[in-house]
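A short write-up of the structure that comes next.
Bear in mind the structure is a predicted one, so any value in this text is a computation, not a measurement. One is the number of the first residue; the rest follow in order along the sequence. Any value given below was found using the heavy atoms of this structure, including those in side chains, with hydrogens, waters and symmetry copies removed.
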Amino acid sequence: MRVVAVLALDGVSAFDLTIPCQVFAFATRPDGSPAYEVRVCADGTVTTAAGPAHLFQLSSPYRWEDARAADVIIVPGVPADRTPPPDLVGLLRQAAAGGTRIASICTGAFVLGHAGLLDGRRATTHWRFADALARRFPGTQVDPAVLFVDDGQVLTSAGIAAGLDLCLHMVRRDHGATVAGQVARSMVMAPQRTGGQAQFIEYRVPEDSAAALGPTMQWMRDKLGEPLTIADIAAHATMSKRSLARHFRAQTGTTPQRWLLALRVQRARELLESTDLPLRRVAETTGFGSLETLRHHFTRQVGTTPSAYRAAFRV
């Protein structure tokens, strides 16, 4: 029976803390015996939080040191700007060196980063904090679009509820799809969610009105449903295609084609959420032309199909 140690740091997210407790405690072998023993390890009394609100305090018979004997260590989300205690960082490093599997939920990835466990690895966290994680630990390949990343010994999940997806994945990896499916049914959730974190990311229109390309970018928005070529965009900006590409990248960090594509996908998301337009009409209105083209680019950027997105987010 594998021992799962859930580290309770002060300020830990209450929901994140309970996710592994629930998932692994529900997991049973075919003979009905428990598949895991779950231990919450805390350094004395810990205050839990939900956003800025402190909810309750908890204590546990297990201390951080008890996590050394665990097969799996899980770090739930904590304030991203908080530096973990040196003794905890040392514990995680030693556990990793000894082969212990280590996972984080949401902003718990920052704790793993401080321990050096994300260096040279692909990882994720809540999309709101993905840029901060990448800046703080530049040796990490941060993927903000996925629900979780399994990089072998080290695993990370996206924001909050994605911890459920990660823990179920770990059960599936250890004991197979049948056991994981039973856990999911007990928790009244799907064994595997379609799509990734990208479908939940808020889109922000770049501030460009005062920039040199501002009028052209607004023109591109106004002409979103029309087929626009690079030549068309360059002509409106009164630039050569090469000059347009150079100025556009300097201002936005990307190419005109990619910027326009992201804008079209975002408009498609808005229409799928707020209207009953047929999918082919959505494709035409957003400049994709055909349903097949819409489906291709939408799935690549959002991680799920237009129809599945509408089913999940239709207001």
Hey, are the side chains of Leu9 and Val111 touching, using non-hydrogen atoms and a 4.5 Å cut-off? yes
Find out if a path of hydrophobic residues (ILVMFWY) with successive side-chain heavy-atom gaps under 4.5 Å connects Tyr62 to Val6. no
Is the shortest heavy-atom distance from the side chain of Leu228 to the side chain of Leu260 under 4.5 Å? yes
Of all the heavy-atom pairs spanning Ala67 and Ala5, show the shortest one and how long it is. CB-CB, 3.8 Å
Over all atoms of both residues, closest heavy-atom pair of Ala123 and Thr156: CA-OG1, 3.4 Å
Ring-plane angle category for His236 and Trp219, please: parallel below 30°, perpendicular beyond 60°, tilted otherwise. parallel
Any side-chain to backbone donor/acceptor pair from Thr293 onto Gly289? Under 3.5 Å, distance only. no
Leu155 CG to Leu117 CG distance, which is reported to the nearest 0.5 Å: 11.5 Å
Determine whether Thr216 and Ile233 make a side-chain contact, defined as any pair of heavy atoms from C-beta on separated by less than 4.5 Å. yes
Can you name the nearest heavy-atom pair linking Ala158 to Thr124, along with the distance? N-CG2, 3.6 Å
Please answer whether the main-chain N or O of Met239 pairs with a side-chain N or O of Ser243 as donor and acceptor at a distance below 3.5 Å. no
Taking C-beta and beyond as the side chain, do Ile105 and Val75 meet within less than 4.5 Å on heavy atoms? no
Let me confirm one number: the CZ-CZ distance from Arg310 to Arg269, rounded to the nearest 0.5 Å. 14.0 Å
Decide, yes or no, whether a salt bridge links Arg281 with Asp276 under the criterion of side-chain N to carboxylate O below 4.0 Å. no
Using a 3.5 Å distance criterion without hydrogens, assess whether the side chain of Thr18 forms a donor-acceptor pair with backbone atoms of Phe15. yes
Enter the distance from Asp232:CG to Lys241:NZ here, rounded to the nearest 0.5 Å. 10.5 Å
With side chain to side chain contact (heavy atoms under 4.5 Å, CB included) as the test, would you mind laying out the steps for Leu213 and Gln218 before giving the verdict? CA-CA 9 Å; Leu213 285 172; Gln218 184 57 55; over 6 Å; no
Would you confirm whether Gln182, through its side chain, and Ala27, through its main-chain N or O, come within 3.5 Å as a donor-acceptor pair? no
Can you tell me if Arg29 and Ser33 form a side-chain donor-acceptor pair at under 3.5 Å? yes
Using a 3.5 Å distance criterion without hydrogens, assess whether the side chain of Asp16 forms a donor-acceptor pair with backbone atoms of Gly77. yes
Non-hydrogen side-chain atoms of Phe288 and Phe298 separated by less than 4.5 Å: no
Backbone of Leu147 reached by a side-chain donor or acceptor of Asp165 within 3.5 Å: no
Keeping the roles fixed (side chain from Thr100, backbone from Ala95), state whether a donor-acceptor pair exists under 3.5 Å. yes
More than 12 heavy atoms of other residues, nucleotides or ligands under 6.0 Å from CZ of Arg63: yes or no? yes
Is there a side-chain contact between Arg2 and His175, using heavy atoms and a 4.5 Å cut-off? yes
Spacing of Cys21 atom SG and Ile74 atom CD1 [to the nearest 0.5 Å]: 8.5 Å
Please indicate whether Arg173 has more than 12 foreign heavy atoms, meaning atoms of other residues, nucleotides or ligands, lying under 6.0 Å from its CZ. yes
At their closest point, which heavy atom of Ala49 faces which heavy atom of His54, and how far apart are they? CB-CD2, 4.1 Å
Side-chain heavy-atom pair Ser13, Val78 within 4.5 angstrom cut-off: no
Give a yes or no on whether a salt bridge exists between Asp143 and Arg122, defined as a side-chain N under 4.0 angstrom from a carboxylate O. yes
Report the distance from atom NE2 of His169 to atom CG of Asp150, rounding to the nearest 0.5 Å. 3.5 Å
Can Tyr36 and Asp174 be counted as having a side-chain donor-acceptor contact under 3.5 angstrom? yes
If hydrophobic clusters are built by linking Ile, Leu, Val, Met, Phe, Trp and Tyr wherever their side-chain heavy atoms come under 4.5 Å apart, do Trp64 and Val89 end up in the same one? no
Hphob cluster co-occupancy, Met217 + Leu224, side-chain heavy atoms under 4.5 angstrom: yes
Do Asp10 side-chain atoms and Thr47 backbone N/O form a donor-acceptor pair below 3.5 Å? yes
Non-hydrogen atoms of Leu294 and Pro306 that approach each other most closely: CG-CG, 4.1 Å
Any side-chain donor-acceptor pair under 3.5 Å between Gln94 and Arg68? yes
Are Ile160 and Met170 connected, step by step, through hydrophobic side chains (Ile, Leu, Val, Met, Phe, Trp, Tyr) whose heavy atoms are closer than 4.5 Å? yes
Kindly indicate whether the side chain of Val23, heavy atoms from C-beta on, has any atom under 4.5 Å from the side chain of Met187. yes
Is there a continuous path of hydrophobic side-chain contacts, each under 4.5 Å between heavy atoms, that joins Met1 to Val38? no
Take atom CZ of Arg300 as the centre, draw a 6.0 Å sphere, and report whether it contains more than 12 heavy atoms from other residues, nucleotides or ligands. no
Between His296 (side chain only) and Glu292 (backbone N and O only), is there a donor and an acceptor less than 3.5 Å apart? no
Return the minimal non-hydrogen interatomic distance between Ala8 and Leu17, and the atom names on each side. CB-CD1, 4.0 Å
Could you tell me whether the side chain of Thr140 and the main chain of Leu118 form a donor-acceptor pair under 3.5 Å? yes
